[in-house]
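Order of listing sets the numbers, starting from 1, for every ligand and every atom in it.
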Amino acid sequence: MERVGSSSAGSDRVNFKFLAVRSPQRAVNIEDLRELARRRLPRVVFDYIDGGSGAEFTMRENCRAFERAIFRPRNAVAAMECALGTTVLGTPVDLPFLFAPVGSSRMFWPRGECVAASVAGAAGTIYTLSTLSGCALEEVKAASSRPVWYQLYLLGGRDAALDAITRARAAGYSALVVTIDTAVAGQRERDVRNGGSELVSGDPLKMAPFVPQLLARPRWLFDFFRDGGLMKFPNVVIPGEGPMAYEDIAGALERSTVSWDDMGWIRDAWRGPLVIKGVLTADDARRSLDAGADAIVVSNHGGRQLDYCAATFQALPEVVEAVAGRAEVLLDGGVRRGSDVAKALCLGARAVLIGRAYAYGLGAAGAAGMMRAVEILRADLVRTLRLLGCNDVAALDRSYVQ
Ligand SMILES: Cc1cc2nc3c(=O)[nH]c(=O)nc-3n(C[C@H](O)[C@H](O)[C@H](O)COP(=O)(O)O)c2cc1C
């Protein structure tokens, strides 16, 4: 039995909450799905999703910034129906939240990226596929009934990136998302402790001390081997070598820094809507506009890159003001509740992206877990709108928050 021991050492209090949450259908909020993911995944995989960089200050601040924003409801005006649909880059979506790129989703659940794309499509929203995915981009596009975006890292050099861009265009991806906050990978201390790089090294001696955490999760281990074992990166094809191996990623990331100068050739190669992800200041917002961005994602990578930078909800007004309607502004980081979605929209975001909120669901129970995550956020958003006295996400504005 689970016991609550965090506040009083040796406590005998039983944690009834998590006894009750045995299946995703019983999950009441995203935190419940997080707990289910923690129980199914090996520590190294769970912490890869759950953790941030450094002291994890920015990761926590992303959530706290939403908590500090206080609503100003209009009462006795509630309508029965609430409109949640909007458009993003001209594409109609049924929900004002999209799925952020989450690398290595195939480690959370067999064929994770295809499963995630299919759930996003069924929910009527957009899935963004990370460069660092385990499923081929063509299969992922085919798995969704709705538009899909491709997130680009310049991994493997310009030729590998051009190859991915060409494939994404041919497969029918509708926007290219260039992530600019990953000059080097953030120092994720939990990954270091859990032997994240040793476990993918292929060296049995290095791996041995960290293997027990995998053996402690037999259900996950079974799924992992059923899905072919350690994934490669089929969308990072090194000319003459083939798909990049997992253990090569850390070094490749360091050599793949994107700069503003790269945006020219990326735009020329892509010739479609361009989204720049990882903007936190007015300066970078203006540079993104100069680089031809059609949309900007206010993002700090979920607190996984530079620690002690601003929470995204805090940075949002500065970016919205600088952009002044010349591009769409999206936000990600810390969205765990429908009320967070509403707050971001009040401050001028066109829509938000969710990362961990769906990754926990995927790790907990695959498609069922992700569908539950979507349902939790959707229901909470509707409830929030009705209690706010606003029946359309398009009508949310600053007057609804202090
Ligand atoms: C496990 C994990 C992997 C991620 N991988 C990528 C990635 O490959 N590319 C990228 O641009 N962002 C990546 N991100 C960042 C997300 O796209 C998004 O910015 C972040 O998750 C938002 O914060 P949230 O998790 O609090 O919602 C990743 C995030 C997580 C949690």
Side-chain angles (χ1 to χ4, degrees), residues 30-31 33-34 37 41 44-53 56 58-67 97-109 112-113 116 120 126-135 137 140 149-155 164 175-183 185-186 188 190-191 196 231 233 235-236 244 246 249-250 252-253 256 258 275-280 296-306 309 311-313 315 330-337 340-341 344 349 351-363 373 377:
I30 299 297
E31 178 63 26
L33 289 173
R34 172 177 179 266
L41 299 172
V44 65
V45 179
F46 175 75
D47 277 349
Y48 165 69
I49 301 172
D50 194 56
S53 57
E56 301 187 341
T58 295
M59 183 179 86
R60 287 190 301 274
E61 274 296 291
N62 278 344
C63 293
R64 284 197 204 127
F66 281 119
E67 284 173 5
F97 53 90
L98 283 50
F99 285 46
V102 167
S104 303
S105 290
R106 195 166 180 166
M107 299 283 258
F108 318 161
W109 191 268
E113 293 89 7
I126 292 168
Y127 175 70
T128 312
L129 178 69
S130 163
T131 291
L132 292 176
S133 57
C135 294
L137 64 87
V140 176
W149 293 357
Y150 186 74
Q151 178 266 326
L152 184 75
Y153 283 134
L154 303 186
L155 277 170
L176 187 72
V177 180
V178 181
T179 301
I180 61 166
D181 57 14
T182 314
R188 317 220 175 112
R190 300 197 213 179
D191 293 357
M231 54 181 246
F233 294 104
N235 306 316
V236 186
M244 184 172 272
Y246 211 101
I249 281 301
L253 260 177
S256 70
V258 69
V275 181
I276 295 188
K277 173 173 180 281
V279 171
L280 289 171
I296 287 171
V297 187
V298 178
S299 174
N300 51 33
H301 220 105
R304 300 163 71 82
Q305 286 299 112
L306 178 67
C309 65
T312 49
F313 186 66
L330 310 170
L331 167 143
D332 73 25
V335 176
R336 302 288 182 274
R337 292 186 176 271
D340 300 337
V341 181
V352 301
L353 283 76
I354 54 169
R356 292 182 183 85
Y358 85 79
Y360 292 137
L362 182 65
L377 292 175

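D332 places no side-chain N or O within 3.5 Å of a backbone atom of G302 that could act as its donor or acceptor partner. Side chain of N300 to backbone of Q305: no donor-acceptor contact under 3.5 angstrom is found.
Ligand 1 lies under 4.0 Å from heavy atoms of Y48, I49, A100, P101, V102, G103, S130, Q151, Y153, T179, K277, S299, H301, G302, R304, D332, G333, G334, R336, G355, R356.
Taking OG1 of T58 as the reference point, atom CZ of R304 lies at 13.0 Å (rounded to 0.5 Å). Taking CG of L154 as the start and OG1 of T179 as the end, the distance is 10.0 Å to the nearest 0.5 Å.
Contacts of R34 classified as salt bridge (Lys or Arg N to Asp or Glu O under 4.0 Å), with partners at least two apart in sequence or in another chain: E31, D50.
Ring planes of H301 and Y153: parallel class, angle under 30° (limits at 30 and 60°).
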